[in-house]
Amino acid sequence: MLVEHYPLDKQFEELARYFPPMDPALAKVDTYLEDEKLYRLIKKDLSKRWPKTMETGRNSTPVEVVLRMLVVKRLYGYSYEETVERVSDSVNLRRFCRVYLNDVPVDTTLLRWANLIQPKTLEQFNQRIMQLAMERKVTRGRKLRTDGTVVESNIRAPSDNRLLADGVRVLARTIVRARNFVKQVKQKAAQPFEDFTQTAKVFSRQISETLRTKTEAARTAGRQQYQELLEMTRKTVAWAHQTKKQLQRCREAKAQRLAQTLETFLPRTEQVIDQTTRRILQGEPVPAQEKIVSLFEAHTDILRRGKESRPVEYGHKIWLNEVEGGLVSHYRILEGNPSDEQQWKPSLKAHLKTFHQPPVQASADRGLSSEPNEQLAYDLGVKRVILPHRCHRSKARLKHEHKAWFVKGRHWHAGVEGRISVLKRAHDLGRCLAHGLPGFHCWVGWGVIAGNLAVLGRT
């Protein structure tokens, strides 16, 4: 049964008097998390773990404890294991998390509860934090600066040979498990199966070593090795299809789970076979939209942003709105690699939705500059629009961009890069360690929330 909180422990409070007081910043974050609406948002998601979570069963970890421990995790950049360890060892973190003298939930328990929280809930959570910041006069939303960055998926740089070997490994492993299950239920396996996992791994390594030499002979040898690796992968895919059909005839839960695994990875492996055949054997360029760069994080986009240090990135582009006071009032994860120029209108609309009034000043980089974007901002009621023009600028435009308020606004806008840097370094927005697209959304949401709470704690 879902428990809301532990009762206040007088013995713990008496003991806590003999320890140093809570850090002032953490104490201020504590006052924000006491808000009832924030608590109800999280409770609503946690209550959906089982059909009767709210009514029956043994007492769960309290909602209040789960929420606060997840905040501690991202506030300080801990792993789940480190979060449990730090909260267990610290009187002040026990007080902050409302654990008192009770047992701290183990990391796997915390992870299971965290996986129930939905991306939409975290967006609403951040909006509520903005409302609390306005009520406490930390910000009024009078100044807006907007910019984008990339959060990487937790994958290595992709190559077709490694993707083929991964496909063989995952499918073969699942086929072996399925055949063992079939034997347990005394059914007959479809036909003998040959596991190419180790052979595919060897071929993948050989291809990498062969193609290091940029010669025609190396390319010819590499194509021959690719053909053999592709043949192994196709055979494994064929066996996987037969195994899936056999599993789908079984009603046991384990059989359905194995069938679901095959159903997930078969199309992805077939896509790798297709793109490898087109690229390596036929010499056809494959558009980025049609490529898959990871079997496990198939949602990952290929992003080129013209940066010399990182010409290609693998992950998702995210867009942030920051207002005065250093708070990220809105974030969104973009699909693919759209032009920056398209992000101006959604950013202004999101600001209006949050603050119910246009900003006095709105700024962005040159990539968003265009006459329609500038006119849109004025039409919405923005008084100072700071969008420096690209390429050639007329004398009138140069005079406009050299006005004191425009220059001052450009200097203020540069601070958004610092905010992005802090989110990446301190709150783990550099690389997403969660799995799947929903996990990616939640990872970004918690990072933004932790960044905002850290700012509010210092304000």
Side-chain angles (χ1 to χ4, degrees), residues 1-17 19 21-23 25-126 128-129 132 434 439 442-443 445-447 449-450 452-454 456-457:
M1 185 168 67
L2 192 65
V3 176
E4 294 193 351
H5 54 78
Y6 286 126
L8 184 63
D9 192 329
K10 293 183 179 179
Q11 185 179 1
F12 175 84
E13 292 298 325
E14 184 67 26
L15 178 67
R17 289 171 48 201
F19 289 86
M22 191 184 296
D23 176 64
L26 192 61
K28 191 170 285 188
V29 172
D30 179 73
T31 63
Y32 280 94
L33 294 181
E34 288 176 349
D35 180 70
E36 185 68 17
K37 291 184 178 179
L38 291 178
Y39 170 79
R40 294 296 167 192
L41 283 171
I42 301 300
K43 181 183 176 182
K44 184 178 179 181
D45 278 357
L46 300 190
S47 66
K48 297 176 181 177
R49 182 173 182 181
W50 302 110
K52 294 187 178 181
T53 294
M54 298 293 294
E55 303 167 13
T56 61
R58 65 181 180 178
N59 288 346
S60 69
T61 303
V63 177
E64 191 174 40
V65 173
V66 172
L67 167 60
R68 288 166 176 268
M69 288 188 69
L70 291 176
V71 167
V72 167
K73 177 186 181 299
R74 292 305 291 272
L75 202 58
Y76 298 112
Y78 297 151
S79 66
Y80 285 101
E81 295 87 348
E82 288 172 331
T83 303
V84 171
E85 182 180 341
R86 298 301 176 92
V87 173
S88 299
D89 289 347
S90 170
V91 171
N92 283 327
L93 285 181
R94 278 179 171 270
R95 178 192 291 168
F96 175 82
C97 294
R98 303 290 197 265
V99 178
Y100 308 125
L101 295 177
N102 299 286
D103 292 335
V104 177
V106 297
D107 56 304
T108 52
T109 299
L110 192 60
L111 176 60
R112 280 195 294 269
W113 284 117
N115 287 338
L116 294 173
I117 300 174
Q118 299 301 308
K120 200 69 179 176
T121 301
L122 295 179
E123 292 178 21
Q124 296 170 0
F125 196 101
N126 193 58
R128 179 57 186 164
I129 289 176
L132 294 174
C442 288
W443 186 269
W446 277 118
I449 288 168
N452 284 339
L453 289 174
L456 291 171

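Start at 1 with the first residue, then count along the sequence. Small disclaimer: the values here were computed from a predicted structure and weren't measured.
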**Q** Show me the pairs that pass ring pair (Phe, Tyr, Trp, His ring centres under 6.0 Å) and involve residues 90-122, at least two apart or across chains.
**A** F12-Y100
**Q** Within the structure provided, determine whether R86 and V72 are in side-chain contact (heavy-atom separation under 4.5 Å).
**A** no
**Q** Could you give the distance from OG1 (T61) to CG (L67), rounded to the nearest 0.5 Å?
**A** 13.0 Å
**Q** Looking at side-chain heavy atoms only, is the closest gap between V84 and V106 below 4.5 Å?
**A** no
**Q** Looking at residues at least two apart in the chain, or sitting in another chain, which of them share a side chain to side chain donor-acceptor pair (under 3.5 Å) with E13?
**A** none
**Q** Can you tell me how far apart CG (N126) and OG1 (T121) are? Round to the nearest 0.5 Å.
**A** 12.5 Å
**Q** Decide yes or no for I117 and L46: does some side-chain heavy atom of the first lie under 4.5 Å from some side-chain heavy atom of the second?
**A** yes
**Q** Does E4 come within less than 4.0 Å of R40, counting only side-chain N to carboxylate O?
**A** yes
**Q** For the residue pair L70 and L110, establish whether any side-chain heavy-atom pair is separated by less than 4.5 Å.
**A** yes
**Q** Could you pull out the closest heavy-atom pair between V104 and R94, with the gap in Å?
**A** CG2-NH2, 3.8 Å
**Q** Using modelled atom types and a 3.5 Å cut-off, is there a donor and acceptor pairing between side-chain atoms of N102 and backbone atoms of V99?
**A** yes
**Q** With a 4.0 Å cut-off, would you call E34 and R98 a salt bridge?
**A** yes
**Q** Ignoring hydrogens, what is the shortest heavy-atom contact between H5 and E64? Give both atom names and the distance.
**A** CB-OE1, 3.1 Å
**Q** Using side-chain heavy atoms (C-beta onward) and a distance below 4.5 Å, is Y6 in contact with N59?
**A** no
**Q** Provide the closest heavy-atom pair for M69 versus V87 in the form atom of the first, atom of the second, distance.
**A** CE-CG2, 4.2 Å
